[in-house]
Each structure stands twice: as structure tokens, then as C-alpha cells.
Amino acid sequence: MAEAPEQIPGERSARGAGTDSSMGRPPLSIAESVGKGRTLRGDAWRRLRKNRLAVAGLVWVAIMVLLAVSADLWVPRYLGDPVDIDTTQAASQSLQPPSWDHLLGTDRMSRDIASRIIYGARASLLVGAVAVGIMLVIGLVMGAVAAYYGGIWDSIIMRAADIFLAFPYVLFAIVLVGVMGGGSPTNVFLAIGLLGWPGIARIFRGSVLAVRENEYVDAARAMGASTPRILFRHIMPNAIAPLVVYATMSIGVAILAEAALSFLGMGVQPPAPSWGGMLSEARGYLFTAPWLMVYPGIGILTTVLAFVLLGDGLRDALDVRKKE
Amino acid sequence: MVRTRKPALYGIIPALLLTGVLLAMTACGQEPTTSTTAAGGEIQKGGTLVYQIGNPSFIEPTQAFESEGIEIVQAVFDSLVQFDYLTNELAPDVAASWEANEDASVWTFHLSGESTFHNGRKVTAADFKYAWERICDPVNKSNISYHLSAVKGFDEMGEGAATELSGVKAIDDETLEVTLSYGYGDFEYVVGHPCLCPIPKEEVEKDAAAFALKPIGNGPFMVSEPWAASRYVRVVKYPDYKGTQPNIDGVEFKIFEDVETAYLGFQAGSIDSTQIPPGNVNAAKTAYGVSPDGYTSNPGAQVQLGPELAIYYMLLNNEAEPFDDPDVRRAVSLAINRQAICDIVHEGVRKPADSFIPPGVAGYVPEAWAYSKYDVEAAKEHLAKAGYPDGAGFPIIKLSFNSGPGHEDIMTLVQADLKAIGVTAEFDVSDAPTYWDKVQNGNYQIGRSGWGADYPIIDSFVYSNLASTSADNFANYNNPALDEVITAARQIKATDERIKKYEEAVAMAGEDCPVVPITFYAHSRVGSARLHDFVHGGLGMSDFVSCWLEGAAAQ
Amino acid sequence: MPPLMEVDDLRMHFFTRDGVVKAVDGVSFALEAGQTLGMVGESGSGKSVTALSLMRLVPEPPGKVVSGDIRFKGESILRMSEKEQGRLRGDRIAMIFQDPMTSLNPVHRIGRQIAEPLRLHKGASKKEAWGAAVELLAQVGIPQPAERAWDYPHEFSGGMRQRAMIAMALACDPEVLIADEPTTALDVTIQAQILELMREIQARTGSAIIMISHDLGVVADIADHVLVMYAGKAVEFGAADEVFCRPLHPYTWGLLESLPRHDADDGGRLSPIKGQPPSLINLPSGCAFSPRCAYATERCCSEAPHLVEIDSGHSSACHFSADKDFLNRSPHSATGKL
Amino acid sequence: MLAYIARRVVQMIPVFIGITVILFLIRSPAIVPGDPVRMIVGERAISQALYDQVVKENALDKPLYYQYGRYLTRLVQGDLGDSYQLKRPVTHILFEKLPNTLKLALVALLIETVIGLAAGILSAVKKYSFWDMLVTLSTAILVSVPVFWLGMGLQVLFGVKFKQWGLPYLPVYDMTSRDFSTVVHFIMPGFTLASASMAYAARITRSQLLEVMGQDYMRTAAAKGLSRRDVIWKHGMKNAMIPVVTFLGMDLGAMVGGTILTEMVFNWPGVGLEIYNAIQLRDWPIVTGGVIVIVFMVMIINLIVDISYAFLDPRIRYTKAVK
């Protein structure tokens, strides 16, 4: 995803017209003025709920999280262990097509695919959450420092952001993990997190700059509020909507990146299950055992799609200016 | 993934079996003939055979160190002697005859005088000397100089103290005399290696870079256009070749980063010979028919699953606890369910290893290594004997290996087997260079390796891996008594007697169990339906001379 | 001979997810050649939608003409094909929009934008059209028109852009010129200049003008007839001096009250109409103005009044417009302060 | 305008230097484990003299800043060093591959532009219709699908299954083969590489066009008597396309850098694959050299996009020139 160029001066937002309260508003906005008066958050939630695709995304994410979190409680017992093998039995249980015993079949090592997919979801969601967490922490600090202190700090940090944005994402993730040594989850988190911060920093910096000059911030400062307090009490609420949208989308991107790394053998290491790794194993069985390829791919697709739809829905609901 | 590019060895040497390439497998060539070969039988001339290879680093003989490069060298160059593709027997090539002195330390080769380079010049003894010195010259940083380590003057040259191999003398155009630092009865096999061929000095000195991309050799095929990086190397038959002329017009060595993609291409009909990726062997057997001997592909019997002269084994660090105790090593060896590995990972193509020497190498004795079998109870006993009843008190072990799905699968099974005797092993995965670095520096507990024969001799396995003086003895096994036996064996000129001595050495080592043999390699390849009499031998080389393509000439 | 432009009981409704918005709900008027009709009302009263309906520029859906007709020289615009409508637009009927900042295409040169209708309707060549555009720019008072024609809109000031818009509307000598709040977005001094320009143009070309404004003052200056709209309906219609001097509808009273008066004793204090315009989805029952009307009775809340001619050519939609006593309660009674 | 270009170029310099610093550091022994001499010479036993010679040749005994200076100086002269593994200049190796990557990226850009714009325009013009829904959903799916999975699926379906079913089929890998013309080889990898991008292009086209269609000047155009089609094409497109063209340009850069997975699945001999293989072999000169070449290409492409953007949008031309 290439970053859009700087906003065109005077360019209007895609949906700005709808909330324009000046006289002589365009005819279509008449209806939109009906039913005001709820809180912004409540309003957003209401709009989100109306978006069926976004709700589907939310439900799917919730299901995945639930499966991943509860896996240890029931998956090994009912579906089979995702890692352990009994080598004396393995040969006869290898590559079973889907059946009642193994809902999604077994892989070559005789392990249950459903079990591995659920544990793979855990790996994917963990990477998504932790990497985005890292990206948020770095991005917020960088963005806040750049905007709040301005001057040389701003230049340095924004230049650094440019440098990171100049790197092609997937390529650099692969190189970074390659350098740090593949196979360590920490390195995967770090690589994806390190690459994502400039987006967050830019958004947050923009929000800070927009609010910093406001009088109420001056007032707060005059009353002796500390900088972090100002940031979090006054600026954060304004920045939260675009950040939520960006972070939601980023989880999807991070999951895709992790899958790619695992596919290349540089992400989560076998025997621990991961969707990318399972696809890599499945390459040899495109014809003889296609279910190996189908389900992990569907896992990635649906989960990332869920985050994308949810992010889209949130953007519309929170009325965030389109940033593509 | 990783498995595809040669990787592996980055520099490592010898015949370490290149990870991916060798992940190959065997299946029994035992199925009785199901089809008569060569429909029609009439040999047709012409056509270009499309042959899958991995991405080579080098295709010129003085640098080629991976099988993909060596296969091209094999087609383009001829060495002093050659091995029969099917039987691995030694036969004359550029050298018509040769003899050795009493202790096998001085060898004299008599060239037939018929071989010419593709530029038309006659091959002389000096061309061998030039080529070999180029291999050994440290400036060229060649990874294959180890082939010549027995030659007198090798060390001096490697250290930069000498500019020529003092042991190699071109007595005249047709006589090459090689003096070794020690007696080495197998040296006649060593010079059969494809990369120890002659090279034309004038071409190299004219433009070494061009030579690297379009080597000029003396073999049945000549490179027709410079190597298209990552895409192909094209060779056509050399019209003035004095040996047997190929039936086909040429070979396109098509470069693939991974076997899966190549196999898709094969199924789509644009490749004549490829490896079969893991997981497809059984389907391929049904679809294309199995070659009765495992080496020869003919229409309807296209799947080649013949054993290769190579072994996959676990390295145990003999120098460090707990594997300095032979009983612990024996326990590990007995714990591993080799049949499961063969069945699951290799689809029954490879066979469980019962010795460190693969069948097909003269000197293989079945079940020579008593601990190389699956016996959980015995494993537990040995573990108890070593002071760890049921694994109690046994430290958590690191299972190190280079990444790649093939290894991962095997290690997953090994891990499960070790767990069954109470030993907990954790994975320690790294990329190939890092892994080999660890292994060479002894920074590991259990590792893996593969070893394939450069030349079909038992010494290649025994000396390199088990002698304490060998640089490739990664298990750090040190048995002075064994070293003596090996040294004695190397100097025996009579082949049978020499092999007997090596068998003795193998038995000695087996008792100590310094490494854990897992499987004997076999390749798993498939040829197209238009390809006849195509042999891919146990040394991993394909014979492009005797094969022929049906209907290709008409195209 | 039919009037130049005739609107007959036009109802333009928007069908939205939240309900049907009756933006224009029964508006009728006639416009003769050379005349000026003023349309006034607050935001959302339906005057802009009416104007856009005349041009057939209301997006459909969600908009839909549910009844009524619009005739140009006796011919129904509604029944014309897209193509015929296109031939009318910009040629016979032209429109000037409210916001000159956004109504010009930022990526095309001013000259080209003005020339476009000529190329389209008159089949002018590029060169001819450009020359005509420069001339039009001169006519609307742009200095150095030959150079400025090469400018992009962002290089023009607001007033100049509105002049350019007017030039564009005038390009084909339209018979009807619809001006939708042409001065609202402009500075007061510029407003006057633009109005002056429009008057001049009308004098010169004799085209009919429909002038839409929320500002009675603007309309008063220029209009022959005035149509007052509230909640999608015409509530008062009549000759301009009639409506200003003897307004019949309490809503018109309110509008006049909210004008800054120059002669007032109280120092020009404004008295705006209380309350908000109603939602067009849920109109109050009875008279739509009743919730805000100081004079509303029970009848007003239950029975919707119709537009009735009170004096000749002066109609009102109030139950009490015919009631002399009622009219006397008007702040404008008798004297007609304007 | 020249001043603008000059300023953009000057702005690129610190970014480029920053990138070289990062890439220098990740190949230096301070970060990468292992003896650099060993990496260069391989695992052969070598004499101390040769070892010292390698150290000296590569300035490994000098402090880090000196090594960086040396590295940068050579880089500016177009020298990226020699590959450890292939023992040839990295520039030679990369420039053999770069055209293949560029060709693939350009084909993908073409596919992206045609399909992305068509879908975006269709869904904007027929807003809320079945087609709009279809485009919206399929773009969401395309951005979510792992490219390697998509590539594998296409190979199996169009390469192998189609052939088995006797339908016209596509080559599954590489750039040339005896059965197909070169152009045909680009179809599947081009589509795979373009998949996510075309979805973004469609979405941006749609949102830009919708935004533009709500603009007042579109109504102005309609009021002049232009047909709906002419309004969209003559007045809407140029406005809507400015951001889209910018996106496409930037995306070309992104695709040049993002070919690695596609190249891998389709055995495409490009820079991405070369870098991936070099990572496996720890051949750092190729890895860092490859990344530098790609980043440099991306920066150049972005610069060109920036400049052409200024030409496309009169407002930018004006405001930037004034600054």
C-alpha cells in the first residue's frame, strides 16, 4: 500500500459534504440531518452495526480469537495434538482426507489439520496483535515527539519515517528477519512492528498538530497540565478514530506478512503450526491431498478479510477521511 | 522452499549432500517389469531434452560444487576416467590406461589422444595440470579443491607458498604423472570426478568471465549460448566428439528454484525429466509407471526411484556431554523409528539405514551397525545404563538443523521418538550457513547431515566422516585405533583386500555409534512419455548420450 | 402563446433510507420572457431543488418527480428524452450556482470551461469558441480577458469566478437564466457588483431570470414576481412590490422582519423567525409553518391551507390571508415599510 | 518547476543515505553473526596469510565508520561488491535479473490499471448496484488473499487442470518455453502480482470518482447540457484520475519491491528471488545490493510520479511554485 501523497490543498474530504451545516446545503444532505443528537461513539456503533460486512468481520474475528484462546482446553483432547506424533501409528494416519475422525483431514505427519489450523490461528493473531502493538508504541511516541517538539525532532523523525516507507514492505520484512535470524517469533514481531510505525506516527503527528494550536490545549497548558496529560486527555480522543482504523487494517497486513514469512520458512518454525508454514508444506500435495492447501489458505483469507471489512466498516462508521 | 537451492552447503564441502536436491527418495526398484521398454525400439535421432536442475552457482568445472553445476560439467567435459551410469564401474575416458606404483602413491595416466576441446584443439596432459592447479589456487577460492587433497604439493599451494602442484607432471602431451602425499589406492576413482576434467588455458585466459558463463569443454555436448542466469543452460551435441555421439541434438538445463514448480511444468508437458517433489511419488507411480531398475526411464515406466550412494544421518557431538557416553549414543540410535521416516517423509522411496555405508558401494555389509535399528526397549536399557533411567536427569537437548521442510519433517519424527524414551529435544533451526558454522565449531548437541559419494568408493564415507584427522568429522569422533585401520586400508592397492580392511573399520565404528544413520538416499525422478532409455545413475548423474526422444525429430 | 416557462404542481420527492423527503411538494408558477422571478425561503425550503428540477439536474434516484409538470414554451421538459433535455440545458436554459469556488472545474482552464457550451450547442470550432469566451469574459467585466482565459479557476478570486460562471451561463444567450443564490458566497461589496451585472445583462439580452435567494433584499432589488417557499411548498406568490408591501403570509412577515432595516427606530435589530424549519420527512400536520407561527390556531394545526389567490395575481397559503383583521396584525400592515 | 524537482532530489539524499546506513549495518559483523572472512572465502582451510589478505582487501580491520565510508564511496561509483557465493560483481548479477523484475512489474501495472480502473469506474457509476457490491467484495477479498496461495491456485487451475480438461491453458512458470510465446508467460505471474494492487486501484478509483461526482463542478457541467457520460469523462475523469495516477505510479515502485513471493511461486528469474536465495545463503552483498537497487528504483519512480503529479494538477503546480 503506497502512502498517498500529501493532501491536495483545498481538496475536500469524500464525505465532508454530508455534515456541512452551512446554508444551502446540497439536497441529499437533507435526510442526513434527520436523527441527530446521539453521542459520537453511540452513533459510530450504530452505523457499524448497520454495515453487514463489518459485522460479519467482527463476528469472524471474535470466533477466531475465541478458538485461539480456548484451544488448550479442548482442541488436543477432541481434535488431536497439533504437534505430537506417535511414530508407530503415523504412517497409517498420514494424509487422511477429511472425515468424522479428522474433520479437515490429516497432514503428512498424521497430525489433525483442524487442530493445527486452530493453533495456527493463535500464532497468526498473536503476531498480528503483538506486531501492531509494537507498531503503535513506536509510532505514537515518534509521532508525539515529532509534533509536540517540532523543529529538528520533527525533521529527523519524519525523515526516518520516509526511509522506512521507502523500503518495500514484504522485501524488507524478509531481509530483516533473514538478518536477525528466522525462526524466532520475537524477530517476526519486531520486523513487522518496526516496518509499520511510520503510518501510525504520521497519523498521530497530524492529529497532534491539528489540535495543538487549539485554545483549549493552551488553556490546559496554562493550568499547568503536563505534556503527557495534554497528549492523552486532549489529543488522543481526536486521534483515536484514524488510529483504530489504521491499527485494525494493520493487523490484517501483519497476518499476511507473517504468513508470507512462514511460507518462506522464516516465520513460525515447525513443528509449531502456522498457516503460512502449513501452506508451504502443502505445496507438494496440490493434487494428491488438496485439502492441505485449501484450509490454511481459507484461514488466512477469511481472517485478513475480516480485519479488512472491519477496518472498512470502522472507517465509515467513525467518519475517517479516506487515506488511500 | 529453502530446500530448493543447493544451499546447503555454502562452502561446505565435499560431498555433503545438498539438502534439497537430495531430499530425494528411493523406492525400491524391486517391482518386476511391468512393461516392455522402448515401444517400437527403433532409436530416433534429434530433439532437445528439457531437464530440470536447481539454480547452480557455477557451471565451470573448477568451481562447480553442487550437483546442478556438476551435472552440466558432466555433459560438457570428460575426465580421465568415467563411471558407468548403471553399475558405477570404472572405465577409461580421456585416459586410455593407467597404473600405480607399489604403495599407490604415484599414478601414471596415458591419454588416448583422441579428445579435443570444443574449439578444436587436442586435449593434452598439461590441460589437466592447468585445470587442477586452477582448482587449488587459493585466489580462485574454489570449494572443490578437497578432491585433490591427496596430491603432493596441495597444502603448499593452498597456503600460497607454491604456485603449482608439485605432484602433477605432464611428462608429455599424452602422459600425466601424479604423485600423492600418501598411498591412496582409490585415487583412480577420484580422477573420475567430472570436475577434475581438463580445461583449455587459452580460452580461460582470453576471457575468464565468458568462460564461466559458456565453458568450453571436451565432452559430448557443448554450451551453445551463455548461461541465462536463473533460467537455463543450453547445450548442443559436439559434432567432432570422438566418443559415442548422443542421439539427441541437445539438452536444455532448465533452472528451477523449487521442485514443486518444475513438477507443475512437467505435468503441463514442457519438461522431459524432473525430480518429483515430496508427496507426489505415489501419484506419480500410478500415473507414469515405475522404472524396473529405478534408474532407466522409458515410456510407461517413467518413475525412477533408484537408490543413490548417499546416507542421511544424525550427528551427535561426541566431545560434549551427554553424547560423549557411547551408551547414550546407542540409546538415541535405537530409539529412532527409521521405517516411519521412510514411510511418512519419503513415501517409502528411501530405505532405513542399517549401516553407515549405503548399498551399492563396494564394502556395504547389511546390518553392519547393530544399533542402527528401532528397538525402544533396548534404547531405554542403554539410557539406564548410562545413568538416566527413563530419561530421568537427562538434560534437555537441542536438536539443531538447517531449515527446510524435509529436515523439519524428519526432525519432528526424531523428536517424537526421543520423547518416547524420555529425552526431551528442542528444535534449533537456522539457515544453512549458520547451521554449518555451528556444526563445524562443535556448537551443537544433535545435528543432521547427509553424505553422498563423489566417487563410488567406501573411503569417501569412512575417512571423511569417521577419521579424527578429517575436517568433515563433524561428530568429533576420535578413535585412534580406527584411524590406524583407515590409514592402513588407504594404502592397499588391491581392491578386494582394501575393501575388506574398510569393512573392518566400519564394524569398529559401528560399535561406538558415533553418528546415527537414518536413511539411505534414493532419487525420485520422472521422465516424460517421449523419453527413452534415459538413465539417472546412483551417483546422481544423468546419461544424455544413450537416451533418445520419440517424435522429437519431426518437430 | 404559452408562457416561456411554466411549472405546474411540481412534486419532487427524495426516497431515502430514512423515509420520503418531500423537498418540493406542489409548486406552480409561470415565467414570461424578460421577466425576473424571485424565489425566497430558508435553507431546506425546497427552492434550490425546484431550480435544479427545472434543469433536470436532481439526481434520480433518490429524487423522483411524483407529479406535476415543467413546460418550456409549452413543451414538457419531463417528457423529453435525455438528449433533448441536454439540448435545452446550457443553451436555452442556463444556471448559475451558489458557490463559485467549487462550481468551476479546477483542472480545466477558465476559457475552455466558458467555451464548452458554445462548442456543444452552437457547433463552434475550438478557436471560435475561445474567442467568444474571451469576449464573454470581457462582458462580465474581467480585465485583460484574453490572458485571464488561460488561467485556472484557483487563480481567480471569488468574485471573478462568479463572473466567469455568469459568462459561462450566458455563452449561448439563454432564454431562461436560473441563478441559485449567486451572491451568497461572496463579500457584500462583490454581491452588489454581481447583482448589478445581472441586471445589466437582462437589460441587454432580455432573458428571463429565476433568482433564488434566502435573502429577500437581494430578490427585492431585481425581481418582478416573488415566490415564497416553505417546507417544499409555495406559501405566497405575487408581484414583487405586492409581496413586499402587502405580504399575506405570516412566514413572509417573518422573512421581512428578519431583514436588516435601514429605517428602523430600534437601531436595526433583527427579529429572526423562531424555531427550525421542519423535517421534510415528518411534516407537522396541518399548516407546516404552524409550529413556528405566532398566529397559529387549532385549525392551522389540523388543516393544511392551500395556495389561494387573494388579490389579483397575489396568492397565499394561509387560512387567514383573506381576513383583513388578521392582516392588520402584520408588522407590515398599512404602510409597507420597504 | 526545476526548483521543485531540484528540491525533491535534495530531499531524497538524506533518505538514501539513511537507507545505506541501515543496509550497511545489517551486513556488518556487528549485527550479523559469523566471521566475515569465512563468509567470503567459504569453509576451506586457508592460511593465515590469505586470511589477513582478505581482511585487508575488505578493510575489515578498520573502524566501522571507515568501512561505511568505503562502502558508500564504492556504492556511488556503482560498485556493490562481489557476491560471496558466486564470486562475481553483485551489479552484474542484479542487472541480469532487474529487467525481468521490471518487465513483470510493468505487466502487472498494466493489468492493475486496466482491471482496477474498469472495476472502479463501473462500481462508481453504478453505485449500490449488484456490480458495485461485487467489486467491493472482490476487492476486499483480493487484498486479503495471500499472493503465494493465489499463485499456486492459478497454476493448478489454469496450468495443469485446464490442460487435463483439454481447455486452452497457460504456462505455469518462467519467462520462455517451447510451447508458448513470451507474452503468455506474463499472464499468471502478472495477474498474481497485480492482485492486491488492482483491488486498491479499484477502490481508489471508485472513491475518487464518487467524490468527484458529488462535486459542484460536475453539476455545472451537467447544467451546460453535457450528457451524463460526457460529464463523467470530460469533467470527472481528470479530477478523479490525479490521485489514481499517483497511486499507480507509487504502486509500480511497491510492486518492483514486492515481487519476491510471486517470483518464487512462478520461478521468475528476478531480483526478488535472487535476494531471497542470497538470504538463505547469507550472501550479504547480494542481499544489501539488491535492496539498494530496488529502493533506488522505487525512489526514482516516486520522484517521477511526484513530478508528473505536479504537471497533472494545476493547483499543485501553482502552489508549489509559489513556495
Side-chain angles (χ1 to χ4, degrees), chain A residues 1-5 8-15 17 26 28 53 159-160 162-163 166-172 174-182 252 256 259-260 263-266 275-276 279-280 282-283 286-287 290 293 296-297 300-309 312 322 324, chain D residues 11 14-16 18-19 22 26-27 31-33 136-137 140-141 143-149 152-153 155-156 160 200 203-204 207 210-211 214-215 242-243 246-247 250-251 253-254 256-258 260-261 264 272 275-276 279-280 287-288 291 294-295 298-299 302 305-306 309 313 315-316 319:
Chain A
M1 281 179 295
E3 191 69 21
I8 305 158
E11 188 190 61
R12 305 164 86 206
S13 83
R15 22 190 52 251
L28 281 186
L53 287 177
R159 267 321 109 205
D162 287 348
I163 292 172
F167 284 118
Y169 187 88
V170 175
L171 177 67
F172 200 46
I174 290 167
V175 170
L176 215 54
V177 174
V179 170
M180 296 192 292
L256 270 182
F263 180 74
L264 296 175
M266 306 172 98
W275 291 340
L279 279 180
S280 167
R283 275 200 91 187
L286 296 183
F287 302 100
M293 174 194 162
I300 300 172
L301 172 62
T302 52
T303 308
V304 177
L305 182 62
F307 280 105
V308 167
L309 293 176
D312 270 356
K322 296 226 159 148
E324 295 146 325
Chain D
Q11 276 174 357
V15 174
F16 192 71
I19 287 163
I22 293 177
I26 66 172
R27 65 178 276 190
I31 309 271
V32 185
T136 306
L137 200 64
I141 289 173
V143 301
S144 310
V145 71
V147 284
F148 48 92
W149 194 57
M152 285 154 64
Q155 284 178 327
V156 172
V160 180
Y200 283 115
R203 287 180 151 213
I204 292 168
S207 68
L210 282 181
E211 183 182 336
Q215 295 290 329
I242 290 170
T246 313
F247 168 79
M250 301 248 173
D251 200 51
V256 169
I260 203 166
L261 291 163
M264 184 153 165
I275 292 175
Y276 173 71
I279 291 172
Q280 300 299 314
V287 175
T288 57
V291 173
I294 283 185
V295 168
V298 172
M299 290 175 72
N302 288 357
V305 169
D306 247 25
Y309 183 62
D313 190 335
R315 288 165 296 185
I316 296 294
T319 45

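Just so it is clear: chains get the letters A, B, ... in the order the sequence lines come, proteins before strands, and each one is counted from 1. Quick note: numbers below take in every heavy atom, side chains included, and nothing from hydrogens, waters or symmetry partners.
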Fill in the blank from the handout: Checked Val298(D), Leu261(D), Val305(D) vs chain A; the most non-hydrogen pairs under 4.5 Å come from Leu261(D)
Handout entry: Most chain A-contacting option - heavy-atom pairs closer than 4.5 Å, from Ile19(D), Val143(D), Ile260(D)
Key = Ile19(D)
Practice task
Only counting residues at least two apart or in another chain, list the ones meeting ring-ring contact (aromatic ring centres under 6.0 Å, His included) with Phe148(D).
Solution key: Phe263(A)
Fill in the blank from the handout: Of all heavy-atom pairs linking Ala140(D) and Leu309(A), the shortest is CB-CD2, 3.9 Å
Problem - Portion of Ile294(D) that has a non-hydrogen atom of chain A nearer than 4.5 angstrom - result: side chain
Handout entry: Val145(D), part contacting chain A, at a heavy-atom distance under 4.5 Å
Key = both
Fill in the blank from the handout: Turns out that what part of Val175(A) lies under 4.5 Å from chain D's heavy atoms comes down to both
Problem - Contact origin within Val147(D) toward chain A - heavy atom pairs under 4.5 Å - result: neither
Exercise for the section: Pick whichever of Val170(A), Leu53(A), Leu305(A) has the most heavy-atom pairs under 4.5 Å with chain D. Expected result: Leu305(A)
Problem - Structural part of Ile174(A) lying under 4.5 Å from a heavy atom of chain D - result: both
Practice task
For Pro14(D) and Arg159(A), work out which heavy atoms get closest and say how close.
Solution key: CG-CD, 4.3 Å
Problem - Tyr276(D) side-chain N/O to Leu264(A) backbone N/O, donor-acceptor pair under 3.5 Å - result: yes
Completion exercise
Heavy-atom closest pair (Val308(A) atom, Ser144(D) atom, distance to 0.1 Å) is CG2-OG, 3.7 Å
Problem - Minimum heavy-atom distance Val291(D)-Leu171(A), with the two atoms named - result: CG2-CD2, 4.3 Å
Problem - Max heavy-atom pair count under 4.5 Å with chain D, selected residue of Asp162(A), Leu279(A), Leu286(A) - result: Leu279(A)
Practice task
Measure Ile22(D) against the heavy atoms of chain A and call it side chain, backbone, both or neither at under 4.5 Å.
Solution key: side chain
Problem - Interatomic spacing from CD1 in Ile275(D) to CZ in Phe172(A) - rounded to 0.5 Å - result: 11.5 Å
Fill in the blank from the handout: To the nearest 0.5 Å, atom CE of Met152(D) lies from atom CE of Met293(A) at 4.5 Å
Fill in the blank from the handout: Sorted by chain and number, sequence neighbours left out, ring-ring contact (aromatic ring centres under 6.0 Å, His included) with Tyr169(A) holds for none
Problem - Short side-chain to backbone donor-acceptor contact, Trp149(D) and Gly276(A), under 3.5 Å - result: no
